[in-house]
Amino acid sequence: MHPNKPATLHLENGAEFKGHSFGYDQAIDGEVVFSTAMVGYPESLTDPSYSGQILCVTYPLVGNYGVPEDSVEGNLSKLFESEKIHVRGLVISDYSFKYSHWNAKKSLDEWLKEHKIPGIYGVDTRELTKILREKGSMLGKIVPQGANLEIMEDPNLVNQVDVVSCKEVIRYGNEGKKIVLVDCGVKHNIIRCLLRRGVQIIRVPWDYDFSKLEYDGLFISNGPGNPDFCDITVENIKKALSEDRPIFGICMGNQLLSKAGGAQTFKLKYGHRSHNQPVRMVNTTRCFITSQNHGYAVDNNTLGSDWEPLFINMNDSTNEGIKHKSKPFFSCQFHPEASSGPTDTEFLFDDFIKLL
Amino acid sequence: MDKNIKKVLLLGSGALKIGEAGEFDYSGSQALKAMKEEGIETVLINPNIATVQTSEGVADKIYFLPVTPYFVEEVIKKEKPQGILLAFGGQTALNCGVELYKTGVLEKYNLKVLGTPVQSIMDTEDRELFVRKLDQIDVKTIKSHAVETIENAKIAAKDLGYPVILRAAYALGGLGSGFCDNEDELDILAGKAFSYSTQVLVEKSLKGWKEIEYEVVRDCYDNCITVCNMENFDPLGIHTGESIVVAPSQTLTNSEYHMLRELSIKIVRHIGIVGECNVQYAFDPYSEDYRVIEVNARLSRSSALASKATGYPLAFVAAKLGLGYGLFELKNSVTKTTPAFFEPALDYIVCKIPRWDLSKFQGVSREIGSSMKSVGEVMAIGRSFEEAIQKGLRMIGQGAHGFVANREIIVEDIDKSLREPTDNRIFVISKAFQKGYTVDQIHELTKIDRWFLDKLQNIVLTSKKLSALEEIEELSDQLLLKAKKEGFSDFQIARLIFKDRTDPDITASLIRTIRKERGIKPVVKQIDTLAAEYPAQTNYLYLTYNGTANDVKYLGDHKSIIVLGSGAYRIGSSVEFDWCSVNALQTIRNTGWRGVMINYNPETVSTDYDMCDRLYFDELTYERVMDIYELENPHGMIVSVGGQIPNNLALKLDKSGVNLLGTSAKSIDNAEDRHKFSSMLDRLGVDQPRWKELTTLHEVNEFVDIVGFPVLVRPSYVLSGAAMNVCSNNSELEQFLKLAANVSKKHPVVVSEFIQNAKEIELDAVAKNGEIIAYAVSEHIEFAGVHSGDATIQFPPQKLYVETSRRIKKIARRIAEELNITGPFNIQFLAKENDIKVIECNLRASRSFPFVSKVLKINFIELAAKVMTGTEVTPPSNSAFDLDYVGIKASQFSFSRLQKADPVLGVDMASTGEVGCIGDDTNEAILTAMLSVGYRIPKKNILISSGSAKQKADLLMASKLLSQKGYNLYATGGSHKYLIDNNIPATLVHWPSEPDMQPQAMQMLKEKQLDFVINIPKNLTQIELENGYKIRRAAVDFNVPLITNARLASAFIIAFCSMNIEDIQIKSWDEYKTY
């Protein structure tokens, strides 16, 4: 470890943040994004939605409880959101070199090294966040002293969904109703939430034509990047819309379902990247705190006549979910599976299962 | 929202006491503000006259009456409100509300409880109901056995296995509770617990588990949020009020954090809270196992802390929810655009540290545990734990400069002190690190999570790097920045580098200069509730070295005025200075300036970001105040409304070029410096008690030969115990000087003549350019010798010679002129016959400013602030000082929480709070005030043991009255003889030292046969008299009202013998008219 080795975070607008290197000692580039979550770095780092991104954690003290030893059995991680770290780099303010927790097996620094992920600490993450929120997203690179990285490649030019989606069909469980899960970069807690409710899952790659499969319900997962890369998925969903089998989507799944239903998406002025997003179920007094991580939203005004908003964000009134007026199709922009984040909306999985 | 509610009654929490302090002024004020915003008329009952909530314009009607069922019902009868708020006045208001519900009063007057229903409150307060309630939803609680006798407590303890914890049901924050390791300990503790409650709970102890709290808000639509969670630095076993607490939690994983969050919501929904509540957990450090410790169905100390820690105004929102609003209908008051239904995201850490004042109490146990003893707290904000805790340790204001570089403390047995924590625990940890203890060793002994200890060790490691430097030139930018990021002050760095070679105050300035030259400066960050995710216009700020850019832009227009607040509440400085600060800010803003506040006390109203244009929640040290001054570039600064802390900074700030508004720093120094002040008085021909600063025992004896005993001795360096002492004879003097104070050239003692049986008189005033424009003279009920903060004060004076009064005004005028005072000031006088001596003079607002301002209905702070900012004022007319009524300020003591402390009054202050009540005459005012601080009119039996002959004589008239009124008098030896000799019937009671004789004083107290105890210590020395101490302590422990001063006892007796409780008029503040 080089606890004092200087490193610099460069942004594409020329801004620079000085700090110190930790994790893997190498330069890295990516789209710099932030999250205001105060807990859950092992979960965030393994969330496939962060593919191609350098994550800035606004909570300044990170690494406190170390990292537990994960195990992957039958293509399912026990504790994390996928089999590996998906962020390209990590930016924090104050790193805890020493951790303390009964289930920790290694430090965050060791874990990052293991997965060859560079990190930088000592950064004014609040100032960085203020810049990022205004620009929406920005390319950047972490460069430890002595390392070099001239260019910054835009990870959004690559279809990140294709990068993180499974390459072949994976099956979970052998009893209960069958759910096709379209994997755009699914978080493993979604799989765990569904399995806990006694169903079988057929996890298929993002571009897989599932219409030939025998199933009782369709689930469209979360995923990284721009939904426009997923036209194939949208086409596949459109086919399912002509039938009556229940459909449930989360995050990217909300956007793809909306697009299949004829709606458009747009880039938010201020993205939702936190554990404290308030949403309200439309036409009710029911409100929920949700975990979110997205920069694009569905335009409520473009929803087709068969569709209506299901949830609305209480901060900026943007769409947080849609439902079909007559058929059992619905989706949400937030993460009811949480992990990390609040668990208020896990009941949506129950709602989906009941429809099957 | 409920449209039928036009008028509401809010119950306050009364005098500040341990366990119930300023936080309830804050929550009550917020609730009143919320009601006002809805156009609802508000009625407030709170005898605490020094609070912000009892100020003009906060509530529509204010009653300075006791918060007890009788008086509350009387006010309800008169005011006929439709709703009542019970959740904003601490346990006092809650208990009173439950009582009113149970006796059917609320129903009788058709009064709607706004917010959490009383049944839900009872479900959380009664342990058995609580456990049963949570069992219904399979939530684990600490299983306890509710018992009604000591025998059953023993059986339960045996069943659970020791160690066990005992708790008294319905008791204020852990009163009468504690741990027992064996049956003997249980025997003693159970006796005490049963004196507070008929029900005592025996529980299995979970010592060593983590303690975690969640602040939960629920609306009547069943929407729930957790605004904040907090983690105790100290493990379970130490009351959360005694623990260092951080927010948010630091050692919980995502799954742990959200498991407990989900549970909190489940609990709160099941109990049916509407508004705010707090859920406390014990959490296993080796698994995800938990127990719910308790749920507080009201605003609490933790909720005030959570509000300040997050910027989320819990009390304000809770009040609105009580009216039937949904969270989605209310706005986030920081962003002003987003809804109140959200959970703040923090991008900083806050650290709360309790402040104890145990050295003020003779004989008190210094161990901290399951019952609360701290008198105040601070909240430090930083972007690293090291930064936050070092800031916090400076803030508590007990001489610490941080975690390291403090004056060496002596710890006899480090292992024992780590295992059995005292108020010194954090410094014992520091000492242990210095002595080479490892994190693991300290963890084993303290059970404090290693994460916290590792961080503390970082501070120690950096301090070692700094002390390894020989000279300043060796200090690298990197190390300097690292130290600043870990919260080191310039002073600490200077002391570590320069050791004790030079005056650290001078070298600290050198570090400051070097640091600024190298561009190492703190940055200002906002508390915005959203961790910068959205832009927010917020004026709630703190400073940190863990950052590179400021969040705010500075105008540099010199249109702002900085007010320095009062810091941690402590004995001698509490809510009264918050009132002064708030009023100064209001006046500043009303006169066209921007008001800027610096303060760090989460219990205050002055640290509410609504109160000022900018709030710096940060240190009141020279270093930090200068940092802010340089950034803010204000018109000037006010140091005279926040008590002694800002006052002490005046000279240094002035030397650094700060524009101090009001009286000059030189004058402040002339009043503060004993020698300068004394020679000024001589010059003015004003008398003062003779005094001398002395450096040898011989000199002391010579001086005493001249002035005679008793003398007041003030050492400049205290070895142990109280800082001041009255010595009545040679042996006492020698003992004190040898044991307690180290007399030497370096540590002189000040010895002054102590005048007995003299009246103490105070003058609070405001002057402009040396001319007094408003003044208030008040008189102590007790004779001099009782600290002015403990004394019962009467205003206007009722028994002062006209001549005395005239002379006092004359002296005050001369002093004001000589010191060219502009602003608030206070002078204390001694008067015997018409002989007047000045004891001290403070060129700042005093503790009694809110009291005299409110009784007189002339806001002294408003006048002072106007004077200091150069705004025109019209001095009040002379007739304004003529009143048809009397105000009495009485003190609240918290001895019941301070185990073993001798509940006597002396020259050092011991009270934790006060009330101020108004009456048409002294009797009415004094009775109301005494009832407000918890005294009860005795029913039948009174014990008198009255000390010296003089004191016996002082009590004679009152004793006669008691006898005539049909009271049964009991008295110990000498007092009994004196009463009989004077033809007053009395029964002889035996001293504790004669345990075989009957009746026995201790037995009678234990069996609740006595309703009132008057015990006057023989002399004013602190050397306890075993017998008297035992009786006093037993009275406190068994919750029997006790008075230890003859003059106060007489005044109280005369009051309750001349009128009944029903004779006290139910009159609101505005019904007392001035001319």
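In what follows, every heavy atom counts, from backbone to side chain, and hydrogens, waters and symmetry copies are set aside. Just so we're on the same page: letters track the sequence lines, and every chain starts at 1.
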A.B. asks: At a 4.5 Å cut-off on heavy atoms, which part of B/R383 comes close to chain A: side chain, backbone, both, or neither?
C.D. replies: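 Both backbone and side chain of B/R383 come within 4.5 Å of chain A.
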A.B. asks: Regarding B/S287 and A/W102, is there a side-chain donor-to-acceptor distance under 3.5 Å anywhere?
C.D. replies: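 No.
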A.B. asks: Enumerate the salt bridge (charged side-chain N to carboxylate O under 4.0 Å, His left out) contacts for residues 94-103 of chain A, please, sequence neighbours excluded, ordered by first and then second residue.
C.D. replies: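 Residue pairs passing salt bridge (charged side-chain N to carboxylate O under 4.0 Å, His left out), neighbours aside: A/D94-B/K455.
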A.B. asks: Does atom NZ (A/K106) have a neighbourhood of more than 12 heavy atoms from anything else shown, all under 6.0 Å?
C.D. replies: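 Result for NZ/A/K106: enclosed.
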A.B. asks: Find the distance between OG (A/S100) and CG (B/L453) and round it off to the nearest 0.5 Å.
C.D. replies: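 The CG atom of B/L453 is 8.5 Å from OG of A/S100, to the nearest 0.5 Å.
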A.B. asks: Rounded to the nearest 0.5 Å, what separates atom OG1 in A/T36 from atom OH in B/Y534?
C.D. replies: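 Taking OG1 in A/T36 and OH in B/Y534, the distance rounds to 9.0 Å.
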A.B. asks: For a quick test of reading the model, state the closest non-hydrogen atom pair linking B/L252 to A/Y65 and the distance between them.
C.D. replies: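 Residues B/L252 and A/Y65, closest heavy atoms: O-CE2, 3.3 Å.
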A.B. asks: So, A/R133 side chain and B/A532 main chain: donor-acceptor pair closer than 3.5 Å or not?
C.D. replies: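 Between the backbone of B/A532 and the side chain of A/R133 there is a qualifying donor-acceptor contact (under 3.5 Å).
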A.B. asks: For B/T548, is there any backbone N or O sitting under 3.5 Å from a side-chain donor or acceptor partner on A/D124?
C.D. replies: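 Yes.
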A.B. asks: Should A/Q277 and B/E533 be marked as a side chain to side chain donor-acceptor pair (under 3.5 Å) after you check the CA-CA gap, both sets of side-chain angles, and the distance that decides it?
C.D. replies: CA-CA 11 Å; A/Q277 292 288 334; B/E533 189 185 5; 2.8 Å; yes
A.B. asks: Which answer fits A/R126, side chain, backbone, both or neither, if we ask what part of it has an atom under 4.5 Å from a heavy atom of chain B?
C.D. replies: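 Answer is both: backbone and side chain atoms of A/R126 are under 4.5 Å from chain B.
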A.B. asks: I'd like to know whether A/Y99 forms a side-chain contact (heavy atoms from CB on, under 4.5 Å) with B/D454, so could you lay out the CA-CA distance, the side-chain angles of the two residues, the decisive distance to 0.1 Å, and finally the verdict.
C.D. replies: CA-CA 8 Å; A/Y99 60 87; B/D454 282 325; over 6 Å; no
A.B. asks: Are the side chain of A/N276 and the backbone N or O of B/L530 linked by a donor-acceptor pair below 3.5 Å?
C.D. replies: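 Not at all, since once roles are kept as given, no pair shorter than 3.5 Å links the two residues.
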A.B. asks: Between A/K130 and B/D551 (salt bridge meaning N to carboxylate O under 4.0 Å), is one present in this structure?
C.D. replies: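 Looking at A/K130 and B/D551, the cut-off is met.
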A.B. asks: Considering only heavy atoms, which portion of A/S93 lies under 4.5 Å from any heavy atom of chain B: side chain, backbone, both, or neither?
C.D. replies: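 Just its side chain gets close to chain B.
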A.B. asks: How about NZ on B/K331, more than 12 heavy atoms from neighbouring residues, nucleotides or ligands closer than 6.0 Å, or not?
C.D. replies: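 Check passes, neighbour count above 12.
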A.B. asks: Would you mind checking which part of A/V123 comes under 4.5 Å of any heavy atom in chain B, side chain (CB onward), backbone (N, CA, C, O), both or neither?
C.D. replies: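 Contact with chain B: backbone only.
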A.B. asks: Starting at CG of A/N189, measure out to OG of B/S255 and round the result to the nearest 0.5 Å.
C.D. replies: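 Here the rounded value is 10.0 Å.
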A.B. asks: B/E486 versus chain A, heavy atoms under 4.5 Å apart: side chain, backbone, both or neither?
C.D. replies: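 Contact with chain A is absent: no heavy atom of B/E486 under 4.5 Å.
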A.B. asks: Looking at A/D344, A/L132, A/T284, which has the largest count of heavy-atom pairs under 4.5 Å with chain B?
C.D. replies: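 Option with the greatest count: A/D344.
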A.B. asks: Surrounding CD of B/Q537 (heavy atoms of other residues, nucleotides or ligands, distance under 6.0 Å), is the total greater than 12?
C.D. replies: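 Not buried by this count: 12 neighbours or fewer within 6.0 Å.
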A.B. asks: With a 4.5 angstrom heavy-atom cut-off, which part of A/M314 approaches chain B: side chain, backbone, both or neither?
C.D. replies: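 Contact with chain B: backbone and side chain both.
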A.B. asks: Contact part of B/P535 toward chain A, heavy-atom cut-off under 4.5 Å: side chain, backbone, both or neither?
C.D. replies: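 For B/P535, the contact with chain A is made by backbone and side chain together.
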A.B. asks: Using non-hydrogen atoms only, which part of A/E43 is less than 4.5 Å away from chain B: side chain, backbone, both, or neither?
C.D. replies: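 Contact with chain B involves the side chain of A/E43 alone.
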A.B. asks: With chain A as the partner, which of B/R261, B/R450, B/Q478 has the greatest number of non-hydrogen pairs under 4.5 Å?
C.D. replies: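 Looking at each option in turn, the highest pair count goes to B/R261.
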A.B. asks: Mind checking side chain to side chain contact (heavy atoms under 4.5 Å, CB included) for B/P285 and listing every partner two or more places apart, or none if nothing turns up?
C.D. replies: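 Side chain to side chain contact (heavy atoms under 4.5 Å, CB included) check on B/P285 returns B/W209, B/K210.
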A.B. asks: With a 4.5 angstrom heavy-atom cut-off, could you sort out which part of B/Q526 is near chain A: side chain, backbone, both or neither?
C.D. replies: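 For B/Q526, the contact with chain A is made by backbone and side chain together.
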A.B. asks: Which residue out of A/I289, A/V57, A/D316, A/N103 racks up the most heavy-atom pairs below 4.5 Å with chain B?
C.D. replies: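 Ranked by heavy-atom pairs under 4.5 Å with chain B, first place is A/I289.
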A.B. asks: Can you confirm whether more than 12 heavy atoms, excluding those of A/K135, are under 6.0 Å from its NZ atom?
C.D. replies: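 No, NZ of A/K135 has 12 or fewer neighbouring heavy atoms, counting only those of other groups under 6.0 Å.
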A.B. asks: Measure from the side-chain N and O atoms of A/N64 to the backbone N and O of B/Q250, and report whether any donor-acceptor pair falls under 3.5 Å.
C.D. replies: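 A pair under 3.5 Å: yes.
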A.B. asks: How long is the span from the OG1 atom in A/T285 to the CG atom in B/D222, to the nearest 0.5 Å?
C.D. replies: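 Here the interatomic distance stands at 9.0 Å.
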A.B. asks: For B/N223 and A/F288, indicate whether the former's side chain and the latter's backbone hold a donor-acceptor pair under 3.5 Å.
C.D. replies: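 Side chain of B/N223 to backbone of A/F288: no pair is present.
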A.B. asks: Below 4.5 Å from any heavy atom of chain A, which atoms of B/F328 appear? Answer side chain, backbone, both or neither.
C.D. replies: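 B/F328 touches chain A through backbone and side-chain heavy atoms alike.
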A.B. asks: Which pair of non-hydrogen atoms, one from B/Y348 and one from A/P60, has the smallest distance, and what is that distance?
C.D. replies: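 Looks like N-CD, 3.7 Å.
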A.B. asks: Side chain, backbone, both or neither: which part of A/T125 has a heavy atom under 4.5 Å from chain B?
C.D. replies: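 Both backbone and side chain of A/T125 come within 4.5 Å of chain B.
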A.B. asks: Does any heavy atom of chain A fall under 4.5 Å from the side chain of B/F385, the backbone, both, or neither of them?
C.D. replies: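 Interface part for B/F385: both.
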A.B. asks: Heavy-atom distance under 4.5 Å to chain B: side chain of A/F34, backbone, both or neither?
C.D. replies: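 For A/F34, the side chain is the part near chain B, not the backbone.
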